[in-house]
Amino acid sequence: MKHYEILDAKTREKLCFLDKVEPHATIAEIKNLFTKTHPQWYPARQSLRLDPKGKSLKDEDVLQKLPVGTTATLYFRDLGAQISWVTVFLTEYAGPLFIYLLFYFRVPFIYGHKYDFTSSRHTVVHLACICHSFHYIKRLLETLFVHRFSHGTMPLRNIFKNCTYYWGFAAWMAYYINHPLYTPPTYGAQQVKLALAIFVICQLGNFSIHMALRDLRPAGSKTRKIPYPTKNPFTWLFLLVSCPNYTYEVGSWIGFAIMTQCLPVALFSLVGFTQMTIWAKGKHRSYLKEFRDYPPLRMPIIPFLL
Amino acid sequence: MGRLTEAAAAGSGSRAAGWAGSPPTLLPLSPTSPRWLVLAIAMVRFYMEKGTHRGLYKSIQKTLKFFQTFALLEIVHCLIGIVPTSVIVTGVQVSSRIFMVWLITHSIKPIQNEESVVLFLVAWTVTEITRYSFYTFSLLDHLPYFIKWARYNFFIILYPVGVAGELLTIYAALPHVKKTGMFSIRLPNKYNVSFDYYYFLLITMASYIPLFPQLYFHMLRQRRKVLHGEVIVEKDD
């Protein structure tokens with residue numbers, strides 16, 4: 001039986017004293033107990049660590065296995081208001097879906113009044129709407145039914161940041177693609193067909209990777225394993241990159257940019273690519289740290305290059 | 001974060017002049033620290049000879065553009081790590097100076113004789129002279145109290161003066177930008193994009209509203225810390 005005291009990491013103030021805690025209890029249970037005395041700090045906002053400047057302990061860590069004496073000191077840091085990943089994803093993806101359609105249907109007050117509710121005469125504009133909408137519907141469905149998140153929550157301010165990014169860019173792109181003065185691609189139907197092929201292949205690829213990653217992790221668990229190619233040819237990209245889902249995602253947007261020949265789309269692709277590269281490099285580094293036998297041929301996001 | 005906040009209390013002048021840059025190494029200091037003095041002297045001489053500010057900008061513009069562009073070096077210092085300040089913060093400040101010099105005064109000739117141009121030029125000049133003197137003497141380990149005092153007090157007046165100069169200049173430029181449609185791209189075009197420099201300038205002016213108070217109060221806090229030894233706990237320490 002051990003005793004645990006929880007101190008504020010910044011002020012060292014004694015916040016809570018828990019005596020007679022079961023040794024096989026987990027950090028998650030400590031967090032629940034702590035919430036009872038400080039209800040404003042629900043478990044998702046708590047970061048408990050052994051050292052005030054150290055790393056956060058995980059919910060599933062067992063107390064018995066922590067390197068402490070008979071009275072253990074845990075340091076608490078408030079992570080701020082939290083919001084669930086699912087909520088954030090649904091909100092940030094529903095926005096672009098809806099916003100794009102406002103521009104596609106030329107809802108009043110966007111373009112001149114004579115264009116209200118008119119329809120573009122270019123086939124590619126209709127095709128672009130289908131692709132864009134499909135893309136975000138796919139993302140919403142994946143959020144609800146496919147993804148298995150390792151974290152439950154993220155800081156609340158992220159939803160404002162993320163929504164501004166997604167919604168803002170969606171409006172900016174949609175404005176030009178659905179504009180009455182839109183100019184279709186220079187190389188006509190050939191360009192559109194090629195771009196559409198790229199887009200479809202990459203969407204299928206991205207989905208295949210999401211399914212493969214889901215199958216790596218049993219429901220409700222937070223285990224991490226090295227992903228490997230499966231029978232699905234789209235997953236063979238795992239041979240060359242750690243995060244083929246990002247590779248395919250960039251590919252989809254490049255396809256969409258070629259299809260619409262719209263500079264804002266290209267800029268959106270570039271920004272997205274930059275962000276995904278940062279994430280891919282981080283993921284790649286964690287894989288390398290965690291698994292001694294990680295395949296050496298793999299690059300983070302672009303085969304052989306990046 | 002600590003370093004950033006210390007260095008953020010620049011001498012004075014506009015938002016652009018409120019450098020969060022830390023002391024540069026002596027190497028870039030030697031050829032560049034007298035540059036703003038050169039500019040100041042050129043400006044004073046012009047005024048004394050001509051008795052008017054008209055044509056002042058034209059006479060010093062080459063020097064100004066050369067020296068201000070030189071400030072890009074400061075970003076490099078941050079990038080390669082000589083200076084511990086954030087690249088982003090220095091980048092933003094250098095960009096806003098470059099913006100004023102190249103995209104406003106250089107490109108929009110009709111506003112070059114506006115009084116507001118002299119306003120921000122004076123603010124920038126005094127700021128930079130104070131700032132570089134502060135750095136030079138600090139590095140030589142022989143900082144006269146007056147320089148430190150100047151650096152942490154001049155900004156109180158010069159910062160708003162510089163901001164006023166910049167905003168008035170941009171405002172004066174607006175009719176000309178609208179009339180000529182300069183730096184703008186219109187539809188239709190084959191890349192399906194557009195850019196309206198007029199609205200861009202309006203947004204830039206609006207951005208001073210949230211940014212100026214933040215920087216100003218930040219520098220006031222720095223001043224209290226450095227000159228009066230107050231202990232101020234920063235939010236994210």
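In what follows, chains are A, B, ... by sequence order, proteins preceding strands, each numbered from 1. The figures here come from the full heavy-atom set of this structure, side chains too, leaving out hydrogens, waters and symmetry mates.
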Any chance the side chains of T105(B) and Y57(B) put a donor and an acceptor closer than 3.5 Å?
yes
For chain A, which residues from residues 186-198 of chain B lie under 4.5 Å away (heavy-atom distances)?
L187(B), P188(B), N189(B), K190(B), Y191(B), N192(B), V193(B), S194(B)
Once the angle between the rings of F120(B) and W124(B) is folded into 0 to 90°, is it parallel (under 30°), tilted (30 to 60°) or perpendicular (over 60°)?
tilted
Can you give each donor-acceptor pair under 3.5 Å made by side-chain atoms of residues 170-181 of chain B, sequence neighbours left out, with the distance rounded to 0.1 Å?
residue: T180(B); atom: OG1; partner: H176(B); partner atom: O; Å: 3.0
residue: T180(B); atom: OG1; partner: M182(B); partner atom: N; Å: 3.4

Would you say the ring centroid of F256(A) lies under 6.0 angstrom from that of H135(A)?
no
Quiz: residues 187-194 of chain A side-chain donor-acceptor pairs under 3.5 angstrom, not counting sequence neighbours:
residue: Q191(A); atom: OE1; partner: Y187(A); partner atom: N; Å: 3.0
residue: Q191(A); atom: NE2; partner: I258(A); partner atom: O; Å: 2.9
residue: Q191(A); atom: NE2; partner: Q261(A); partner atom: OE1; Å: 3.0

Not counting sequence neighbours, which residues clear ring pair (Phe, Tyr, Trp, His ring centres under 6.0 Å) with H179(A)? List them please.
Y111(A), Y175(A)
